[in-house]
Amino acid sequence: MIVPEVSLRAPIAVPIELRADARRIFRLAWNVGEDGLRLAGALPFEPGRPIEARFRLPDGEVLTLRARVESDGGDEDDRDHPRELAFLDPPAEARIALRRYVQERLELPA
């Protein structure tokens with residue numbers, strides 16, 4: 001039995017710059033964790049599309065991460081207008097920064 005990786009996510013409201021091919025758009029992040037993030041608005045990209053996501057954590061650290069557009073498998077509107085990004089092999093320092101943010105935001109023990 002394969003158990004999927006589980007990642008906690010914390011609320012966040014920061015602008016995200018998304019780049020794919022020659023397109024560049026901006027959205028507001030809804031939540032973030034080591035595995036990815038959810039956006040407050042739908043994306044104009046189809047599920048499976050690789051993109052680059054650039055955002056600043058509240059502590060000022062800027063992260064630029066490769067990600068894939070994901071459908072959360074919800075209703076038809078979510079499949080047609082995805083809001084999820086799954087990070088693709090984020091570097092260790094990015095994982096640490098994201099973990100630290102989630103722990104602080106959710107007031108979890110270190």
Side-chain angles (χ1 to χ4, degrees):
M1 175 189 217
I2 297 174
V3 178
E5 186 177 323
V6 176
S7 173
L8 289 176
R9 291 197 180 174
I12 194 169
V14 297
I16 306 287
E17 177 184 350
L18 304 164
R19 292 178 182 233
D21 301 324
R23 293 182 74 184
R24 182 176 128 181
I25 64 164
F26 294 87
R27 291 292 185 271
L28 186 66
W30 184 262
N31 66 34
V32 69
E34 289 180 63
D35 64 331
L37 58 85
R38 182 166 179 86
L39 300 166
L43 289 167
F45 305 120
E46 68 277 359
R49 159 112 31 183
I51 63 165
E52 180 182 271
R54 181 180 171 93
F55 60 99
R56 183 180 305 271
L57 291 174
D59 69 3
E61 186 165 355
V62 176
L63 299 176
T64 302
L65 302 170
R66 292 181 326 112
R68 180 180 56 244
V69 176
E70 296 279 313
S71 172
D72 67 5
D75 61 24
E76 188 173 322
D77 188 52
D78 284 340
R79 286 189 298 276
D80 292 341
H81 306 286
R83 298 170 186 254
E84 291 282 330
L85 297 178
F87 297 139
L88 301 173
D89 300 320
E93 54 274 2
R95 283 186 175 274
I96 290 168
L98 290 164
R99 184 178 309 129
R100 184 175 53 244
Y101 171 76
V102 170
Q103 286 175 330
E104 289 172 3
R105 184 69 169 87
L106 297 180
E107 298 180 354
L108 299 173

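Everything numeric in this text was worked out from a predicted model, so none of it was measured.
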Flag yes if [X] and [Y] sit in one hydrophobic cluster, no otherwise; membership is Ile, Leu, Val, Met, Phe, Trp, Tyr, and two members link when side-chain heavy atoms are under 4.5 Å apart.
X     : Y     : answer
Ile96 : Leu63 : no
Leu8  : Phe87 : yes
Leu43 : Val14 : yes

Atom pair [atom1] ([X]) and [atom2] ([Y]), whose distance is rounded to the nearest 0.5 Å:
X      : Y      : atom1 : atom2 : result
Asp35  : Glu84  : CG    : CD    : 8.0 Å
Arg95  : Leu65  : CZ    : CG    : 10.0 Å
Arg100 : Leu108 : CZ    : CG    : 14.5 Å
Ile51  : Leu85  : CD1   : CG    : 4.0 Å

Restricting to non-hydrogen atoms, name the atom on [X] and the atom on [Y] that form the minimum distance, rounded to 0.1 Å.
X     : Y      : result
Ala29 : Leu39  : CA-CD2, 4.2 Å
Arg49 : Ala20  : CD-CB, 3.9 Å
Ala10 : Tyr101 : CB-CE2, 3.9 Å
Pro44 : Arg27  : CD-NH2, 3.7 Å
Phe45 : Pro82  : O-CG, 3.4 Å
Ala86 : Glu70  : CB-CG, 3.6 Å

Worksheet item: Taking Arg83 for the side chain and Ala40 for the main chain, is one N or O donor matched with an acceptor at less than 3.5 Å?
Response: yes
Fill in: For Arg99, all residues meeting salt bridge (charged side-chain N to carboxylate O under 4.0 Å, His left out), sequence neighbours excluded
Glu34
For residues 52-59, which side-chain donor-acceptor pairs fall under 3.5 Å, sequence neighbours excluded?
unit_1 : atom_1 : unit_2 : atom_2 : d
Arg54  : NH1    : Thr64  : OG1    : 3.1
Arg56  : NH1    : Gly60  : O      : 3.0
Asp59  : OD1    : Glu61  : N      : 2.9

Item to complete: Identify which one of Val32, Leu37, Val102, Leu28 satisfies the side chain to side chain contact (heavy atoms under 4.5 Å, CB included) criterion when paired with Ile12.
Response: Val32
Worksheet item: Is any side-chain heavy atom of Arg66 closer than 4.5 Å to a side-chain heavy atom of Pro50?
Response: no
